[in-house]
Amino acid sequence: MVKSSTKVNFKLQNLRKEHNMSYEAVAKELGICKAYYWQLENGNRRVYYDLALKIAKVFQLKPDDIFYDYYK
């Protein structure tokens, strides 16, 4: 298991809350299950490029706005 607590995890959580979205709502937009999104947000899964693009689109941002710090 990955388990890392990074700025990205906090960004994802804050973005979801700022947009008044539940885990389930974000997961539905991404085409994944709620549990998988929860694992992404809590650092138990890695975010791959194609999913990073979808996440950024959900929150109307560029992927770098969310994930740049993770790969610095």
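Just the heavy atoms: all of them, side chains too, but no hydrogens, waters or symmetry mates, feed the values below. FYI, the numbering just counts along the sequence from 1.
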Looking at every heavy atom in both [X] and [Y], which two are closest together, and how far apart are they?
{"X": "Arg46", "Y": "Tyr36", "value": "O-OH, 4.4 Å"}
{"X": "Ala56", "Y": "Ile66", "value": "CA-CD1, 3.8 Å"}
{"X": "Tyr23", "Y": "Glu41", "value": "CE2-OE2, 3.2 Å"}

>> Could you check whether any side-chain heavy atom of Phe67 comes within less than 4.5 Å of a side-chain heavy atom of Lys11, counting everything from C-beta outward?
In response: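 A side-chain contact under 4.5 Å is absent here.
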> Below 4.5 Å, heavy atoms only, C-beta onward: do Gln13 and Asn42 meet side chain to side chain?
Replying inline: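 In short, these two side chains do not touch, never coming nearer than 4.5 Å.
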> Okay, side chain of Asp65, backbone of Leu61: is any donor-acceptor separation there less than 3.5 Å?
Replying inline: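 No: the side chain of Asp65 does not pair with the backbone of Leu61.
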> Taking Asn9 for the side chain and Leu40 for the main chain, is one N or O donor matched with an acceptor at less than 3.5 Å?
Replying inline: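 Between the backbone of Leu40 and the side chain of Asn9 there is a qualifying donor-acceptor contact (under 3.5 Å).
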>> Which residues pass the side chain to side chain contact (heavy atoms under 4.5 Å, CB included) test with Gln60, not counting sequence neighbours?
In response: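 With neighbours one apart ignored, the set is empty.
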> When rounded to the nearest 0.5 angstrom, what is the spacing between CZ in Arg45 and CG in Leu51?
Replying inline: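 So the CZ of Arg45 and the CG of Leu51 are separated by 10.5 Å.
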> About how many Å separate CH2 of Trp38 and CZ of Arg16, when rounded to the nearest 0.5 Å?
Replying inline: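 If I round to the nearest 0.5 Å, the distance is 11.0 Å.
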Let me have the donor-acceptor pairs involving side chains of residues 24-35, under 3.5 Å, with sequence neighbours excluded, atom names and distances please.
none

> Can Leu15 and Phe10 be said to form a side chain to side chain contact (heavy atoms under 4.5 Å, CB included), step by step?
Replying inline: CA-CA 8 Å; Leu15 284 168; Phe10 295 116; over 6 Å; no
> Is there a side chain to side chain contact (heavy atoms under 4.5 Å, CB included) between Phe59 and Glu18 once you walk through the steps?
Replying inline: CA-CA 10 Å; Phe59 297 118; Glu18 286 172 9; over 6 Å; no
